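Right, one structure below, let's go through it.
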Amino acid sequence: MKTAAAAAIVLALILINRNGIETSVGAVLSLLIVTWVFVVHVAVVDAIHGHVYGWKSFGFWATMSISFVVVTLISKADILYVNERMIFYATMIGLPIYVVAMAYPNIIEILPEYTYGPYVHRTMGFVNFLYVDGLLIRRFTGFASEPGLVSMFYLWALWFRMSRREGRLDWQSVLYIVAMALTQSTAGIFLLGLFMLVYVRPRILLLGLVMVAPLIVYYAWGQIEYQIDNKLVGSASFDLRYARYFDFFDRNWFDVLFGLGNGLYDEVLALNDLGGWDSVLQIGQRYGFLTVAILWLLLLVNNLRRLGVAMIVIITFASQSVWLMPAVAAFYFRDRDDC
């Protein structure tokens, strides 16, 4: 599905592109590294574990290759600009809907249902409402499948907007911050706090903290309780998520460094519900933790002008399965602005 979506995007870009194709030695080198990992390396690992190189392996590589083509046609600045505009309109529509729905939750029951994994949720397009075991999760999810996933797009939008405004907040930036706070995403809130310290001008940040200090204290205390009860060590969510890490690290060093391959992952780990919930473990289980380090390095080296965006993706790796998303995969390569 991701490959088909990426292919459709490339076809549309080719049809409307007027700037021609531009690439660089660095971008081609990154593609060769990706090809080695997702074709040669995984074929060897699959063979070692008694599996053949399958169509899914080719699909992963094809998605990466299509993302490479994307950044030869447009710049990552274009991607970030479109993302920021999409976030703005989605928030202007979705956030009021969310507020009304939280005040009158019975309204949600009349919305269309959709299935995601084992759960049935409800949607209004610009905002989804998640249910676990039939209970409504009162966290802002926006248009995404998970609060942590939508946080990444909000952080991209916030970084892009504030980088153009030299660290000055405006009402749209504040709107994004409010929406992110309502997600209650552990990684998202951590990144938001770090972002505010790094990118917001000190005087503006201090003034804002003083003006909303009581609200921040109330929100922070509620978040601390929520994260301890639902996300951190000792919680059911923590045990379910990190039991998979413990199971994987019990294997020999070769498997940890070089992975188990796609065949063993799909036919054993996924079927027994031992697959990673996040990008770090999924990549580690399939291709090894050396590949995790390689993809992180590509993100940093190929986004020196956008280190904030690279760090957002890297930290999101620890909470969400985003490593193969076409929007994320484009950042593994240098674009036409970096040539």
Side-chain angles (χ1 to χ4, degrees), residues 1-6 8 56 59 63 86-87 89-154 178-189 222-223 225-227 229-232 235-244 265-279 281-282 285 316-328:
M1 192 66 181
K2 292 183 176 70
T3 305
K56 183 172 285 189
T63 298
M86 176 190 71
I87 288 293
Y89 291 114
T91 307
M92 290 294 292
I93 298 172
L95 200 56
I97 292 173
Y98 168 80
V99 172
V100 172
M102 290 301 102
Y104 304 98
N106 289 338
I107 295 175
I108 303 175
E109 300 302 320
I110 67 175
L111 299 179
E113 294 182 344
Y114 71 96
T115 301
Y116 181 75
Y119 301 111
V120 176
H121 306 307
R122 294 184 181 272
T123 184
M124 194 176 275
F126 289 97
V127 57
N128 296 324
F129 299 94
L130 308 188
Y131 288 79
V132 175
D133 297 329
L135 298 176
L136 175 66
I137 305 301
R138 302 174 72 89
R139 298 169 61 189
F140 180 65
T141 308
F143 52 80
S145 58
E146 295 280 351
L149 178 58
V150 82
S151 291
M152 181 183 73
F153 293 106
Y154 270 95
V178 170
M180 281 203 57
L182 292 173
T183 67
Q184 301 184 61
S185 165
T186 306
I189 291 173
Q223 277 303 301
E225 290 186 320
Y226 174 80
Q227 299 296 336
D229 292 341
N230 298 281
K231 297 293 194 68
L232 303 181
S235 67
S237 177
F238 181 94
D239 290 341
L240 287 171
R241 180 183 294 269
Y242 293 101
R244 292 160 170 75
Y265 181 96
D266 293 332
E267 296 175 22
V268 177
L269 296 184
L271 290 179
N272 289 281
D273 197 25
L274 293 173
W277 288 4
D278 55 72
S279 299
L281 187 56
Q282 282 188 11
Q285 289 172 324
T316 304
F317 264 33
S319 66
Q320 297 291 318
S321 176
V322 298
W323 63 279
L324 199 63
M325 291 178 60
V328 170

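Every value quoted in this text rests on a predicted model; they were computed, and no experiment measured them.
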If you look at every heavy atom in [X] and [Y], which pair is closest and at what distance?
| X | Y | value |
| --- | --- | --- |
| Val268 | Asn272 | O-ND2, 2.7 Å |
| His121 | Phe129 | CB-O, 3.3 Å |
| Tyr114 | Leu130 | OH-CD2, 3.7 Å |
| Gln282 | Ser321 | OE1-OG, 3.0 Å |
| Leu136 | Ile108 | CD2-CD1, 3.6 Å |

Q) Do the side chain of Arg244 and the main chain of Trp277 share a donor and acceptor less than 3.5 angstrom apart? A)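 Answer holds: no.
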Q) Counting only N and O atoms by type, is there a donor-acceptor contact under 3.5 Å from the side chain of Arg122 to the main-chain atoms of Ile110? A)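 Such a contact is absent between Arg122 side chain and Ile110 backbone.
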Q.
Applying side-chain contact (heavy atoms from CB on, under 4.5 Å) to Val328 and Met152, what does each step give before you reach the verdict?
A. CA-CA 10 Å; Val328 170; Met152 181 183 73; 3.7 Å; yes
State the [atom1]-[atom2] distance between [X] and [Y], to the nearest 0.5 angstrom.
| X | Y | atom1 | atom2 | result |
| --- | --- | --- | --- | --- |
| Phe143 | Met86 | CZ | CE | 3.5 Å |
| Leu182 | Gln184 | CG | CD | 7.5 Å |
| Phe126 | Leu95 | CZ | CG | 13.5 Å |
| Arg139 | Tyr98 | CZ | OH | 9.5 Å |
| Met325 | Thr316 | CE | OG1 | 10.0 Å |
| Leu274 | Leu281 | CG | CG | 9.5 Å |

Q: Please name all residues satisfying ring pair (Phe, Tyr, Trp, His ring centres under 6.0 Å) with Tyr265, sequence neighbours left out, ordered by chain then number.
A: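 Per chain and number, Tyr265 pairs via ring pair (Phe, Tyr, Trp, His ring centres under 6.0 Å) with no residue.
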Q | Exceeds 12 heavy-atom contacts within 6.0 angstrom, atom OH of Tyr116 | A |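 No - once you tally the heavy atoms of other residues, nucleotides and ligands closer than 6.0 Å, there are 12 at most.
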Indicate every side-chain donor-acceptor pair of residues 144-151 with a distance under 3.5 Å to a residue at least two apart or in another chain.
| unit_1 | atom_1 | unit_2 | atom_2 | d |
| --- | --- | --- | --- | --- |
| Ser151 | OG | Pro147 | O | 3.0 |
| Ser151 | OG | Thr183 | OG1 | 3.4 |

Q.
According to side chain to side chain contact (heavy atoms under 4.5 Å, CB included), who are the partners of Val120, at least two apart in sequence or on a separate chain?
A.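 Partners of Val120 by the side chain to side chain contact (heavy atoms under 4.5 Å, CB included) criterion, ordered by chain and then number, come out as Glu113, Thr115.
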Q | Contact check, side chains of Val322 and Phe317, non-hydrogen atoms, under 4.5 Å | A |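 Yes, their side chains come closer than 4.5 Å.
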(Q) For a quick check under 3.5 Å, do Ser319 and Asp278 share a side-chain donor-acceptor pair by atom type? (A)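 On atom types as modelled, these side chains do not qualify, holding no pair under 3.5 Å.
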